[in-house]
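Letters go in sequence order (proteins before strands), and every chain restarts at 1. Nothing here was measured: the structure is a model prediction, and the numbers come from that model.
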Amino acid sequence: MSKPSLPQGTRDFSAQVVRKRSYIFQTIRQVFELYGFQPLETPAMENLDTLMGKYGEEGDKLIFKILNNGLDRPEKHEKARAEFEKVLAGRNVKEITERALRYDLTIPFARYVAMNHGQLTFPFKRYQMQPVWRADRPQKGRYREFYQCDADVVGSNSLLNELELVHIYAGAFSKLKIPVEIRINNRKILAALAELCGGADKLTDITIAIDKLDKIGIDKVREELGQRGLQEGQIDQISRYLGIEGSNQHKMDQLQALLGNNALGQAGLAELAYLIGEAGTLPAGTQLVADFTLARGLNYYTGTIFEIKAMGVQMGSIGGGGRYDDLTGLFGVPNIPGVGISFGVDRIYDVMEELNLFPEEVQTGTRLLFFNLGAAEGSASFRSMQVLRSRGIACELYHEPAKFDKQFKYAEKKGIPYVAMMGAQELATGKCVVKQLSTGTQETLDLSAFEAGWQPA
RNA sequence: GAGAUUGUAGCUCAGUUGGUUAGAGCGUCAGAUUGUGGCUCUGAAGGCCGGGGGUUCGAAUCCCCUCAUUCUCCCCA
């Protein structure tokens, strides 16, 4: 028997971590609800058909597939063997696997909208916080099971949705006390750049290369653009574009000059200007920044794109999103545009840990430990404990009679701030001794007063 | 898929040119201490040295294979 272990890239979350993570989820959920978003949950597994072909060739490889049950039945053997040969040839076959684990939340959402568009009221605003699975090679900040936390609005082309999403980001990160830059750009601007650089068909190549700017620097980006077939003059123009700096207004002015009267570019710039102009005052610690170097890898984005950078820490983006046309077209229901954002909960956790932003009260568990000082004393303590519990105070009774020192140590280890002692003396006089561990102060209370009115500080 | 890294007690790690019975700190348990914790002292438990094979009189140590970990690239959150 080997030692028990976890599958690669998965984690257990112990009490402390769960509490901190729930704090993040709750904070974000409150903001989503405040803006009128409705919760949605979808199954951990989807039909393989639903997922395949939606994430590109690389993505398909990273989908966890589930082996069909019942392959051991003799009448299926021949068929299963034949189909397995096809799997070895790199094709996924229904006879072997017809279900797979959810790879992200967006495609299941699109599937849901396509299935229910008759019943939904548009625009439909939903949020979803669930784990997803990817057969990726794990490394720092990357797991095979991780949580996504998405909000999308579908069935509306209005820029008002983008504006709300900006404020959701700002509101949530402000509540979490994380200083952030909300970076925005527009795919239309990037498309215009591609047009100006002689190839609308090069848009994907350009975005992929630009997306790496942060990581590899301008020289390497130029190199990569060259490898992807762009001419020297075009690369220079892209370099000038990437070199735009200054205030939002100044950036937009420079871009205006660079784009000339390219129609697509003007449209993108107008959308960007609208959002920056209408955003108004954002909560302290958050700011909205036009960032033309922002590209985002996913190529289904068509309009505004977002990315969140935490300030003061070395960390990749902790959120992102954008506008897409016709997400449900893949499922046979055309003309439902949408815009969505995502929070990277695992990275948000790391940032908050590093900046020490979790509030003290997140860790509250048991408030009061009743000492167990004997059979009769224990019974009396149990009765008092139930009274306090009925008043909503979390308490525990030490599980067996034991020496003081042991019970004190238990309280300390578990971070319980108060202990209540009811021994023979107290029982006889109808009292209860309550001690605060952090200060060492204790007081003797009448049992009735203690049960009716005691509160932890 | 490619490259690197590390596997020794529950945890973090020592372990000499290959040499007798593999160590430390922390943690756990017991005692000093039968109604007042944190400190201190004493003691105990806890190991197929990741697994398999090889070299050798002798392997935690050297070689090969394998599994696992962590990190980087690709891609992504």
Side-chain angles (χ1 to χ4, degrees), chain A residues 1-11 14 24 55-63 90 102-106 129-150 204 207-209 211-212 214-216 220 224 295-299 306-310 315-322 340-351 369 371-374 377 398 401-428 431-444:
Chain A
M1 187 74 192
S2 57
K3 285 186 184 177
S5 63
L6 282 173
Q8 197 179 33
T10 65
R11 300 157 290 170
S14 59
I24 296 174
Y55 307 106
E57 206 173 318
E58 283 294 313
D60 284 354
K61 285 188 204 159
L62 300 181
I63 295 172
R102 180 169 60 217
Y103 180 87
D104 72 354
L105 300 181
T106 307
M129 309 182 180
Q130 290 190 278
V132 302
W133 294 269
R134 295 185 188 178
D136 208 352
R137 187 75 56 105
Q139 52 181 276
K140 191 176 177 61
R142 287 172 68 172
Y143 305 94
R144 287 186 152 183
E145 178 186 66
F146 63 98
Y147 279 73
Q148 289 194 332
C149 195
D150 285 17
T204 305
T207 52
I208 289 174
D211 201 37
K212 296 179 181 170
D214 259 1
K215 219 174 206 170
I216 63 179
K220 293 270 183 189
E224 177 143 355
R296 294 197 60 76
L298 294 170
N299 53 22
F306 303 102
E307 199 158 283
I308 306 299
K309 173 81 180 82
M315 179 77 66
S317 78
I318 56 174
I341 57 173
S342 177
F343 289 78
V345 173
D346 296 281
R347 283 183 181 174
I348 290 174
Y349 180 95
D350 291 342
V351 169
L369 176 71
F371 274 22
N372 192 331
L373 302 172
E377 294 89 338
Y398 195 78
K403 291 195 293 187
F404 266 64
D405 129 289
K406 254 190 134 161
Q407 306 196 42
F408 268 121
K409 280 181 176 159
Y410 177 82
E412 252 172 58
K413 289 263 170 58
K414 293 194 73 169
I416 302 172
Y418 293 92
V419 299
M421 291 171 273
M422 294 169 66
Q425 292 168 26
E426 288 78 17
L427 274 188
K431 304 280 188 188
C432 175
V433 174
V434 179
K435 178 165 183 167
Q436 183 173 17
L437 270 76
S438 58
T439 59
T441 54
Q442 66 182 50
E443 51 186 343
T444 306

- Task: Could you label the plane-to-plane angle of the Y55(A) and Y103(A) rings as parallel, tilted or perpendicular, counting under 30° as parallel and over 60° as perpendicular?
- Result: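 It falls in the tilted class, 30° to 60°.
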
Nearest listed nucleotide, side chain of [X], among [options]:
{"X": "K413(A)", "options": "U28(B), U36(B), A77(B)", "answer": "U28(B)"}
{"X": "Y143(A)", "options": "A77(B), G38(B), U36(B)", "answer": "A77(B)"}
{"X": "R347(A)", "options": "G31(B), A77(B), C73(B)", "answer": "A77(B)"}
{"X": "F408(A)", "options": "G35(B), A77(B), G37(B)", "answer": "G37(B)"}
{"X": "K212(A)", "options": "C74(B), G1(B), G37(B)", "answer": "C74(B)"}
{"X": "Q139(A)", "options": "C71(B), G38(B), U36(B)", "answer": "C71(B)"}
{"X": "K409(A)", "options": "G1(B), G38(B), A77(B)", "answer": "G38(B)"}

- Message: Taking the nucleotide of RNA chain B with the nearest heavy atom to each, does Q442(A) or G344(A) sit closer to the 5' end?
- Response: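 Looking at RNA chain B, the more 5' nearest nucleotide goes with Q442(A).
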
- Upstream residue (5' side of RNA chain B) when R144(A) and D405(A) are each assigned their closest nucleotide: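 Taking each residue's closest nucleotide, the earlier one in sequence belongs to D405(A).
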
Taking [atom1] from [X] and [atom2] from [N], how many angstroms apart are they, rounded to a whole number?
{"X": "K140(A)", "N": "U69(B)", "atom1": "NZ", "atom2": "C1'", "result": "15 Å"}
{"X": "R296(A)", "N": "C75(B)", "atom1": "CZ", "atom2": "C1'", "result": "13 Å"}
{"X": "D104(A)", "N": "C75(B)", "atom1": "CG", "atom2": "C1'", "result": "14 Å"}
{"X": "R102(A)", "N": "A77(B)", "atom1": "CZ", "atom2": "P", "result": "16 Å"}
{"X": "Q425(A)", "N": "U34(B)", "atom1": "CD", "atom2": "P", "result": "17 Å"}
{"X": "K435(A)", "N": "G38(B)", "atom1": "NZ", "atom2": "P", "result": "10 Å"}
{"X": "N372(A)", "N": "G35(B)", "atom1": "CG", "atom2": "C1'", "result": "14 Å"}
{"X": "Y103(A)", "N": "A77(B)", "atom1": "OH", "atom2": "P", "result": "8 Å"}

Describe the nucleic acid contact of [X] in one word from base, sugar-phosphate, nothing, applying a heavy-atom distance below 4.0 Å.
{"X": "G320(A)", "answer": "nothing"}
{"X": "A424(A)", "answer": "base"}
{"X": "F371(A)", "answer": "nothing"}
{"X": "L62(A)", "answer": "nothing"}

Which value, in whole Å, describes the distance between the [atom1] atoms of nucleotides [N] and [M]?
{"N": "C73(B)", "M": "C48(B)", "atom1": "C1'", "value": "37 Å"}
{"N": "G23(B)", "M": "C49(B)", "atom1": "C1'", "value": "12 Å"}
{"N": "G58(B)", "M": "A22(B)", "atom1": "C1'", "value": "16 Å"}
{"N": "U56(B)", "M": "U61(B)", "atom1": "P", "value": "16 Å"}
{"N": "G47(B)", "M": "A14(B)", "atom1": "C1'", "value": "15 Å"}

Test for a donor-acceptor pair under 3.5 Å between the base of [N] and the side chain of [X], counting only N and O atoms.
{"X": "E58(A)", "N": "G1(B)", "answer": "no"}
{"X": "Q8(A)", "N": "U69(B)", "answer": "no"}
{"X": "R142(A)", "N": "C75(B)", "answer": "yes"}
{"X": "K403(A)", "N": "U34(B)", "answer": "no"}

- Task: Let me have RNA chain B in dot-bracket notation, would you? Count Watson-Crick plus G-U wobble pairs, both distances under 3.5 Å, and use [ ] for pairs crossing earlier ones and | for inter-strand partners.
- Result: ((((.((..((((.....[...)))).(((((.......))))).....(((((..]....))))))).))))....

- Stacking check F146(A) vs A77(B) (5.5 Å / 30 deg):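 Yes, the aromatic ring of F146(A) stacks with the base.
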
- Answer yes or no: is there a donor N or O on one side and an acceptor on the other, between the side chain of D211(A) and the main chain of R296(A), under 3.5 Å?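 Yes.
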
- Is it true that a side-chain atom of Q407(A) and a backbone atom of N372(A) form a donor plus acceptor pair closer than 3.5 Å?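 Between the backbone of N372(A) and the side chain of Q407(A) there is a qualifying donor-acceptor contact (under 3.5 Å).
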
- Straight-line distance of I308(A) CD1 to R347(A) CZ, nearest 0.5 Å: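 Going from CD1 on I308(A) over to CZ on R347(A), the span is 13.0 Å.
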
- Task: Examine C29(B): is either OP1 or OP2 under 4.0 Å from a nitrogen or oxygen in the side chain of K406(A)? Give yes or no.
- Result: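 False: K406(A) side-chain N/O out of range (4.0 Å or more) of C29(B) OP1/OP2.
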
- Task: Not counting sequence neighbours, which residues clear ring-ring contact (aromatic ring centres under 6.0 Å, His included) with F404(A)? List them please.
- Result: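 Here the qualifying residues are F371(A).
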
